[in-house]
Asks: 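Can you read through this structure? Questions will come right after.
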Amino acid sequence: MKPFRIDFFQIALLKSGGGKVSSDGREFSLGAYTLFFTLPGQIIYWDVPNNWEGYYLCIEESFYTIPVEEYRRLFDFPFFKTRVPAINLEEEEGKLILELMKKVNWEYSNPSVKTGTIIKAYLSTILSYSLRFHERNLDHTRAKNQVSPLSVRFKDEVNERLKDMVSGTEFEPISVSKLADQLFVTPKYLSEAIKKDLGVTPTDHINSRIIQEAQKLLSTTELQAKEIAYILGFRDSSYFNRLFKKLVDVSPGQFRKSLK
């Protein structure tokens, strides 16, 4: 399936089939009972076998007229607002959501006087369960993050972002503020903690790792320096060249020549 941009909210759940999905330049694995969320404007690429089983709901904001508690709009739900990619459900949880989606599909295929109202009620139930699953997923992530020191988790996140950039599944530059969000701290707290533990600012560490990755690409590929700069998040190759020379003492071109 070719990449496409969706114009609506979507909740999808696989029963079987597995595969991968790319969303906003990042790739996620899908398995049995993986609950996946997308929202208007996202570019999606599904890579699943033809024999996959499951359901997906396509929802317009105007259809959401039975609000769940304080969530007056679909954009208010955290799994849409923060673009949560996917949540892996337990088998019984997955079966529950699949049954609800199956009922929505039946109502849609067999319309009657109250079809719209019934579908909206099922939708509110699915959204409510999704909130529960999202909160649990968030709690697990927080608990996991508390196991290792912040500086270790920070370095791991930087390494993951670089891995995604080199593989072509991430296109945005590495941002200290976004890393802080992922680590559930403020940018100021992150900066102070990294400076204390590593002796450098978060930006300095990120730049150092980027240039290390650039050296690796210059050593192992035929990519031009400007191509490497783009892969690593630089939209201005001249700035990449200046940073490279500042940290390595030679330009990218001179570094590559020294390898021969």
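All figures in this text were calculated on a predicted structure; none of them were measured in a lab.
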Asks: For a side chain to side chain contact (heavy atoms under 4.5 Å, CB included) check, start with the C-alpha distance between Phe255 and Gln215, then their side-chain angles and the critical distance, and finish with the verdict.
Replies: CA-CA 8 Å; Phe255 175 79; Gln215 289 176 285; 3.4 Å; yes
Asks: So does Glu60 have more than 12 non-hydrogen atoms from other groups sitting under 6.0 Å from CD?
Replies: no
Asks: A cation-pi test, strictly: NZ or CZ of Lys120 under 6.0 Å from the centre of the six-membered ring of Phe63 and no more than 45 degrees from its axis. Yes or no?
Replies: yes
Asks: Measuring from atom CD1 of Ile126 to atom CG of Leu131, what distance do you get when rounded to the nearest 0.5 angstrom?
Replies: 12.5 Å
Asks: Applying the 4.5 Å side-chain criterion to the ILVMFWY set and letting contacts propagate, would Val200 and Leu162 be lumped into a single cluster?
Replies: yes
Asks: Enter the distance from Ser238:OG to Lys226:NZ here, rounded to the nearest 0.5 Å.
Replies: 12.5 Å
Asks: Minimum heavy-atom separation for Tyr55 and Lys102, please, with both atom names.
Replies: OH-CG, 3.5 Å
Asks: Tell me if the centroids of the rings in Phe240 and Tyr230 come within less than 6.0 Å of each other.
Replies: no
Asks: Please determine whether side chain to side chain contact (heavy atoms under 4.5 Å, CB included) holds for the pair Ile231 and Glu213, giving the CA-CA distance in whole Å, both sets of side-chain angles, and the decisive distance to 0.1 Å.
Replies: CA-CA 10 Å; Ile231 289 172; Glu213 201 64 38; over 6 Å; no
Asks: Using the rule that two of Ile, Leu, Val, Met, Phe, Trp, Tyr join whenever any of their side-chain heavy atoms come within less than 4.5 Å, decide whether Leu223 and Val248 are in one cluster.
Replies: yes
Asks: Of the non-hydrogen atoms in Thr221 and Arg256, which two are nearest, and what is the gap between them?
Replies: O-NH2, 3.0 Å
Asks: Determine yes or no for a side-chain-to-main-chain donor-acceptor pair under 3.5 angstrom, with Glu61 supplying the side chain and Leu74 the backbone.
Replies: yes
Asks: Hey, does Arg242 have a side-chain heavy atom less than 4.5 Å from the side chain of Lys246?
Replies: no
Asks: In Å and rounded to the nearest 0.5 Å, what is the CG to CZ distance from Leu57 to Phe37?
Replies: 10.5 Å
Asks: To the nearest 0.5 Å, how far apart are CD1 in Ile59 and CZ in Phe8?
Replies: 10.0 Å
Asks: Would Ser251 and Asn241 satisfy side chain to side chain contact (heavy atoms under 4.5 Å, CB included), going step by step from the backbone distance to the final call?
Replies: CA-CA 6 Å; Ser251 69; Asn241 291 337; 5.9 Å; no
Asks: Consider side chain to side chain contact (heavy atoms under 4.5 Å, CB included). Of Leu198, Ile206, Ile194, which one does Lys155 pass it with?
Replies: Leu198
Asks: Quick test of your reading of the model: are Lys103 and Glu107 salt-bridged, counting only N-O distances below 4.0 Å?
Replies: no
Asks: Can you name the closest pair of heavy atoms from Leu183 and Phe154 and give their distance?
Replies: CD1-CA, 3.9 Å
Asks: Under the side chain to side chain contact (heavy atoms under 4.5 Å, CB included) criterion, do Ser258 and Val250 qualify, and how do the steps go?
Replies: CA-CA 10 Å; Ser258 70; Val250 295; 6.0 Å; no
Asks: Is the shortest distance from a Lys or Arg side-chain nitrogen in Glu90 or Arg136 to a carboxylate oxygen in the other one below 4.0 Å?
Replies: no
Asks: Rounded to the nearest 0.5 Å, how far does CD1 of Ile11 lie from CE of Met101?
Replies: 5.5 Å
Asks: Report the distance from atom CD1 of Ile174 to atom NE2 of His205, rounding to the nearest 0.5 Å.
Replies: 9.0 Å
Asks: For a quick test of reading the model, state the closest non-hydrogen atom pair linking His134 to Pro78 and the distance between them.
Replies: CE1-CB, 3.4 Å
Asks: Side-chain contact, heavy-atom cut-off 4.5 Å: Asp197 with Val152?
Replies: no
Asks: For the OH atom on Tyr129, are there more than 12 heavy atoms of other groups (residues, nucleotides or ligands in this structure) within a distance under 6.0 Å?
Replies: no
Asks: Same hydrophobic cluster for Tyr108 and Ile118, using side-chain heavy-atom links shorter than 4.5 Å among ILVMFWY?
Replies: yes
Asks: Does Arg161 come within less than 4.0 Å of Asp164, counting only side-chain N to carboxylate O?
Replies: yes
Asks: Please give me the minimum heavy-atom distance between Ala121 and Ile66, naming the atom from each residue.
Replies: N-CD1, 3.9 Å
Asks: Can you see whether Thr203 engages Thr201 through a side-chain donor-acceptor pair at a distance of less than 3.5 angstrom?
Replies: no
Asks: Heavy-atom distance under 4.5 Å between the side chains of Pro40 and Phe9, does that happen here?
Replies: yes
Asks: Following the transitive rule for hydrophobic clusters with a side-chain heavy-atom cut-off under 4.5 Å over Ile, Leu, Val, Met, Phe, Trp and Tyr, establish whether Val104 and Trp106 coincide in one cluster.
Replies: no
Asks: When you group the ILVMFWY residues by side-chain heavy-atom contacts below 4.5 Å and let the links chain together, are Phe79 and Phe75 in the same group?
Replies: yes
Asks: Parallel, tilted or perpendicular, judged at 30° and 60°: which one describes the rings of Phe234 and Tyr239?
Replies: tilted
Asks: What is the ring orientation for Phe80 with Phe77, classed by angle as parallel under 30°, tilted 30 to 60°, or perpendicular over 60°?
Replies: perpendicular
Asks: For atom CZ of Arg132, is the number of surrounding heavy atoms from other residues, nucleotides or ligands below 6.0 Å larger than 12?
Replies: no
Asks: Do you know which two heavy atoms are closest between Pro252 and Phe244, and how far apart they sit?
Replies: N-CD2, 3.6 Å
Asks: Are Glu91 and Lys95 close enough for a salt bridge, meaning some N to O gap below 4.0 Å?
Replies: yes
